[in-house]
Amino acid sequence: PIFDFEMDSQEYFKLQENKLVISKVIDYERIDSTQFAFDIKAISHDSFSVAHLSIEIQNINDNSPIFDKGFYKAAVLESVKESEVILKVKAIDNDAIRNENDKFSGYSNIAYSLSGANSGLFAISKDGEIRLAKNQSLDREKLSMVHFQIIAEDSFGKPLTAKKSFVNVSIEVLDIND
């Protein structure tokens, strides 16, 4: 019968009451390698046997997109055209891409969308460029300040794992002599 187990010292794993447990938080984005290999020795009274363990850490979507600013503000002439970039936003996601599975997961791929009462006046590109939406126009006499939100979402199309961030936008509509 086995009466004890031994293993070499490991940074992230330890034996506790004859069970292999995680000894400290493993953050996929902060570890040097996602592969851990070590031996566990099972000791009986007159012999021992060794098990070779290999553990691979899998990535999870544990980071939300982060905008480069806490708030965006712009001013635009009411005569702005659809082709003109009004504002550019940027969000990053700190989820690591180490292999093909990470690329496929889309944890660090960001898609932008707009939300709010006035968001339909504008469109946002995949690069975060905000323009006047197709067939829309601005009129300072009707609306001098436009407020809406931008949503940055990773893992787009995978609602069970996607993480979102929001940022507020204010656009001042400047008058022209019309």
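One is the number of the first residue; the rest follow in order along the sequence. Predicted model, so just to flag it, every value in this text is computed and none were measured.
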Quiz prompt | Face-on cation placement of Lys19 at Phe13 ring, 6.0 Å and 45° thresholds | solution = no
Exercise. For atom NZ of Lys88, decide whether the heavy atoms of other residues, nucleotides or ligands shown that lie under 6.0 angstrom number more than 12.
Key: yes
Which side-chain N or O atoms in residues 33-46 pair as donor and acceptor under 3.5 Å with protein atoms at least two apart or in another chain?
unit_1	atom_1	unit_2	atom_2	d
Ser33	OG	Gln35	N	3.1
Ser33	OG	Gln35	O	3.3
Asp39	OD1	His52	ND1	2.6
Ser44	OG	Asp46	OD1	3.4
Ser44	OG	Ser47	N	3.3
Ser44	OG	Ser47	O	3.0
Ser44	OG	Ser47	OG	3.3

Exercise. Please check if any side-chain donor atom of Asp93 sits under 3.5 Å from a side-chain acceptor atom of Asn63, or the reverse.
Key: no
Quiz item: Just by distance, do the side chain of Ser119 and the backbone of Phe148 share a donor-acceptor pair under 3.5 Å?
Solution: no
Self-check item: Distance in Å, Leu138 CG paired with Leu174 CG, rounded so as to fall on 0.5 Å steps
Solution: 10.0 Å
Practice problem: Could you grab the distance from atom CZ of Phe71 to atom CG of Asn168, nearest 0.5 Å is fine? | Solution: 6.5 Å
Self-check item: Under 3.5 Å: donor-acceptor pair, side chain of Ser170, backbone of His147
Solution: no
Self-check item: Electrostatic pair Glu84-Lys81, nearest N-O below 4.0 angstrom
Solution: no
Self-check item: Residues Glu82 and Lys134 bridged, charged N to O under 4.0 Å
Solution: no
Quiz prompt | Contact summary for Asn118 and Phe122, nearest pair of heavy atoms | solution = O-CD1, 3.8 Å
Quiz item: Hey, does Ile171 have a side-chain heavy atom less than 4.5 Å from the side chain of Ile86?
Solution: yes
Quiz item: Counting only N and O atoms by type, is there a donor-acceptor contact under 3.5 Å from the side chain of Asn99 to the main-chain atoms of Asn101?
Solution: yes
Exercise. Identify the heavy atoms of Ala152 and Phe67 that sit nearest to each other, and give their distance.
Key: CB-CZ, 3.5 Å
Quiz item: Which value, rounded to the nearest 0.5 Å, describes the distance between Ile151 atom CD1 and Gln149 atom CD?
Solution: 6.5 Å
Exercise. Please examine the side chains of Ile22 and Lys14, heavy atoms only from C-beta on, and report whether any two atoms are closer than 4.5 Å.
Key: no
Practice problem: Indicate yes or no for a side-chain donor-acceptor contact from Arg140 to the backbone of Glu78 under 3.5 Å, with no hydrogens or angles considered. | Solution: no
Quiz item: So do Glu129 and Ile124 actually touch side chain to side chain, heavy atoms under 4.5 Å?
Solution: no
Quiz item: Do we see a donor-acceptor contact under 3.5 Å between the side chains of Asp127 and Tyr112?
Solution: no
Practice problem: Check for a donor-acceptor pair, side chain of Ser23 on one end and backbone N or O of Glu11 on the other, with a separation under 3.5 Å. | Solution: yes
